[in-house]
Amino acid sequence: IVNISQSKLNDIIYKNFIPSSSMKSFIIDNEGTPIAYGNDDLINDDIKNEQYIKEILNSKNDEGNFTGIVNNQKYIISYKKSNKWGCTFISMASYNELLVEVYKILNIIGFLTAIFVIISIMTSIYSTSTIYSPINKLVQKATNLSNISPKKYSHELEYVFLSIEDMKKE
């Protein structure tokens with residue numbers, strides 16, 4: 001048996017290894033009593049009657065995860081039992097806080113997608129105008145030099161070709 005102060009154990013674990021404030025992690029013994037908890041007030045509290053603790057203690061699996069309700073809030077609860085040390089490591093993440101993070105990521109992805117679409121549209125417009133500009137100049141010159149009207153033809157290149165043919169005849 002190693003005699004370590006619970007507050008020092010909490011400091012070692014929670015200040016160095018569990019930085020996220022959206023997650024609650026703690027260690028319980030085989031009876032469901034907290035050994036190490038991020039909040040010193042909860043040490044030695046009787047949480048073994050909590051539904052999620054009962055589910056973990058009664059589970060035949062050495063590790064697993066599930067969703068559960070704790071204090072009227074939905075959590076994703078993961079656990080890992082250590083037979084060697086006689087304790088269970090439990091981590092709980094608030095479902096709503098995880099969803100908030102997912103929505104933030106979705107908003108960023110949506111924003112980036114919108115930027116890429118706008119850039120693509122602008123590039124398309126610029127490319128089209130760059131390609132069409134010389135053809136438009138040919139149509140204007142052909143209109144000035146030829147007797148053929150451009151409104152009869154389905155596209156500009158056909159009009160330019162026929163205008164050149166018409167100018168050759170003259």
Side-chain angles (χ1 to χ4, degrees), residues 6-28 32 34-43 45 47-82 85 87-143 150-151 153-161:
Q6 287 179 336
S7 63
K8 289 198 187 272
L9 181 62
N10 282 343
D11 287 346
I12 290 168
I13 293 172
Y14 295 103
K15 288 185 181 171
N16 295 319
F17 298 110
I18 305 174
S20 175
S21 62
S22 67
M23 288 185 64
K24 297 178 182 179
S25 297
F26 55 97
I27 304 169
I28 60 171
I35 298 171
Y37 209 109
N39 184 346
D40 287 337
D41 297 337
L42 298 172
I43 296 294
D45 276 2
I47 61 170
K48 62 182 154 204
N49 292 325
E50 296 282 342
Q51 182 60 37
Y52 69 99
I53 297 295
K54 286 180 185 178
E55 191 169 333
I56 292 170
L57 292 174
N58 293 330
S59 173
K60 296 185 194 259
N61 298 325
D62 285 342
E63 61 183 81
N65 55 58
F66 58 93
T67 57
I69 304 295
V70 180
N71 297 329
N72 295 325
Q73 190 174 2
K74 190 173 184 180
Y75 282 89
I76 297 174
I77 302 166
S78 300
Y79 66 92
K80 172 91 171 125
K81 293 180 181 180
S82 173
W85 295 341
C87 61
T88 303
F89 300 89
I90 301 173
S91 178
M92 301 181 355
S94 171
Y95 193 78
N96 292 335
E97 288 181 33
L98 290 175
L99 283 179
V100 166
E101 294 300 319
V102 168
Y103 289 134
K104 284 180 186 177
I105 291 170
L106 287 175
N107 286 338
I108 290 169
I109 290 171
F111 179 72
L112 291 175
T113 301
I115 287 175
F116 287 133
V117 166
I118 290 170
I119 290 171
S120 297
I121 290 171
M122 291 172 59
T123 303
S124 297
I125 291 171
Y126 175 74
S127 297
T128 303
S129 67
T130 302
I131 292 169
Y132 184 74
S133 179
I135 296 172
N136 191 36
K137 287 180 183 175
L138 280 174
V139 169
Q140 289 175 353
K141 287 208 181 237
T143 303
K151 294 179 183 175
Y153 301 99
S154 59
H155 56 84
E156 290 86 357
L157 292 176
E158 180 183 9
Y159 171 70
V160 169
F161 175 75

Q | Heavy-atom pair of closest approach, residues S82 and F89 | A | CB-CE1, 3.9 Å
Q. Say you draw a straight line from CD1 of I53 to CD1 of I77; how long is it, rounded to the nearest 0.5 Å?
A. 7.5 Å
Q.
Just verifying a value: how many Å separate I56 CD1 and N61 CG, rounded to the nearest 0.5 Å?
A. 11.5 Å
Q | From Y75 atom OH to F66 atom CZ, the distance as rounded to the nearest 0.5 Å | A | 13.0 Å
Q) Closest heavy-atom contact between K74 and T67? A) CE-CB, 4.2 Å
Q: Might you point out which heavy atoms bring L57 and K81 nearest each other, and give the distance in Å?
A: O-NZ, 3.7 Å
Q) Quick one: does I115's side chain get under 4.5 Å of I119's, heavy atoms only? A) yes
Q. Nearest 0.5 Å, what's the CE-OG distance between M122 and S127?
A. 11.5 Å
Q) Distance from T123 atom OG1 to I118 atom CD1, nearest 0.5 Å? A) 11.5 Å
Q.
Looking at every non-hydrogen atom in both residues, tell me the closest pair between A93 and L98 and how far apart they are.
A. CB-CD1, 3.8 Å
Q: In sequence, state the C-alpha distance, the side-chain angles, and the governing distance for V117 and I121, and then conclude on side chain to side chain contact (heavy atoms under 4.5 Å, CB included).
A: CA-CA 6 Å; V117 166; I121 290 171; 3.9 Å; yes
(Q) Tell me the closest heavy-atom pair linking N65 and Y79, and the distance in Å. (A) N-CE2, 4.2 Å
Q. Do the side chain of T128 and the main chain of S124 share a donor and acceptor less than 3.5 angstrom apart?
A. yes
**Q.** Distance in Å, I69 CD1 paired with Q51 CD, rounded so as to fall on 0.5 Å steps
**A.** 11.0 Å
